[in-house]
Amino acid sequence: MAAIQTASGSSSNINGDITNHPVVSRDEWTAARTAFLAREKEFTRLRDDLSRQRRELPWVKVDKAYLFDTANGTQTLADLFEGRSQLFVQHFMFGPNSEAGCVGCSFWADNFDGNGVHLNHRDVTFVAVSRAPLSKLDAFKKRMGWGFNWVSSGRSDFNYDYQASFKPDDIANGTAIYNYERKAKVPEDLPGVSVFYKDASGAIFHTYSTYARGIDILNSAYNCLDLVPKGRDEDALPQAAAWLRHHDRYDV
């Protein structure tokens, strides 16, 4: 459940009790809602500006060769672009010794599955990457009913180099870097997103990575919960999103 602890946040109802919530007339509600709309619009403008600044960040050329096991055989990082210029990588927590994908990453996958066709039409290819063998990824993907492209990086250092997986020595020595900070204690894998660009010459550049709550924006279910009265309603749980299950295990 490490992905849940790092990726989900505290946007629950801050009062913890909605039974005594103010109830007003429609006119008073409209006045309060309109006043709050100004703040929402300000946030939207700030987010647009932040997105612009993100696109202006410098890039790093990718000179290291990476190999992936895919449904189409062994492929390079360049192959994963599928002829497009932009590649969106979801670092999915599923280690070689695991029998199922991380519950938290699966929650995110439920929210991004089906987006690939839309991204394709904006010159973006989506792929999920995990260290588990392709046979395990395929079996779990079939169980969950997902359609996105999911490949194994088990034969390369890809996940380690992009700080979504951590080698035993780094974990033991407390030298693992996650979300651009040294962490005293981490599991072998954590969630994240990495973005790459391939120019006309075929050169590949790493343009962006985000981790922890940086991937919140990709989870439409959490964004829906942020709009309802109870919010994510996780504050009283032993750990964030302890309620969460694989979508086919809620009634088990």
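What's counted below: heavy atoms across the whole structure, side chains too, no hydrogens, waters or symmetry copies. This chain uses plain numbering: 1 for the first residue, then up along the sequence.
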Checklist entry - How would you list, by chain and number, every residue that makes a side-chain contact (heavy atoms from CB on, under 4.5 Å) with Glu181, sequence neighbours excluded? => result Lys183
Checklist entry - Listed by chain and number, what are the salt bridge (charged side-chain N to carboxylate O under 4.0 Å, His left out) partners of Lys136, not counting sequence neighbours? => result Glu99
Checklist entry - Closest approach of Leu218 and Asn111, non-hydrogen atoms and distance? => result O-CB, 3.8 Å
Next on the checklist: If the condition is ring-ring contact (aromatic ring centres under 6.0 Å, His included), which residues does His246 pass it with, not counting sequence neighbours?
Outcome noted: Phe140
Checklist entry - Which residues satisfy the salt bridge (charged side-chain N to carboxylate O under 4.0 Å, His left out) test with Arg245, sequence neighbours excluded? => result none
Item to check | Salt bridge flag under 4.0 Å for residues Arg45 and Asp48 | outcome: no
Item to check | Residues which pass side-chain hydrogen bond (donor to acceptor under 3.5 Å, both in side chains) with Ser25, listed by chain and number, not counting sequence neighbours | outcome: Glu28
Next on the checklist: Once side-chain hydrogen bond (donor to acceptor under 3.5 Å, both in side chains) is applied, what residue pairs with a partner in residues 144-153 remain, sequence neighbours excluded?
Outcome noted: Asp110-Trp146, Ser130-Trp150, Ser153-Asn159
Checklist entry - Are Leu67 and Leu87 grouped together when hydrophobic residues (ILVMFWY) are joined by side-chain heavy atoms under 4.5 angstrom apart? => result no
Checklist entry - With sequence neighbours left out, what residues match Asp199 under salt bridge (charged side-chain N to carboxylate O under 4.0 Å, His left out)? => result none
Checklist entry - By side-chain hydrogen bond (donor to acceptor under 3.5 Å, both in side chains), which residues pair with Glu42, not counting sequence neighbours? => result none
Next on the checklist: One thing to verify: whether Asp170 and Lys167 come together as a salt bridge, which I'm taking to mean a side-chain N less than 4.0 angstrom from a carboxylate O.
Outcome noted: no
Item to check | Contacts of type side-chain contact (heavy atoms from CB on, under 4.5 Å), residue Gln75, not counting sequence neighbours | outcome: Thr70, Asn72, Asp79, Leu80
Next on the checklist: Can you list everything that forms a ring-ring contact (aromatic ring centres under 6.0 Å, His included) with Phe88? Sequence neighbours excluded, please.
Outcome noted: Phe126
Item to check | Residue pair Phe94 / Leu137: nearest heavy atoms and the distance that separates them | outcome: CD1-CD2, 3.6 Å
Checklist entry - Tell me the ring-ring contact (aromatic ring centres under 6.0 Å, His included) pairs involving residues 37-84, sequence neighbours left out? => result Trp59-Tyr197, Trp59-Phe205, Tyr66-Phe158, Phe68-Phe158
Item to check | Residues in side-chain hydrogen bond (donor to acceptor under 3.5 Å, both in side chains) contact with Thr210, at least two apart in sequence or another chain | outcome: none
Next on the checklist: I'd like to know if Tyr250 and Met144 are part of one continuous hydrophobic network [Ile/Leu/Val/Met/Phe/Trp/Tyr, side-chain heavy atoms within less than 4.5 Å].
Outcome noted: yes
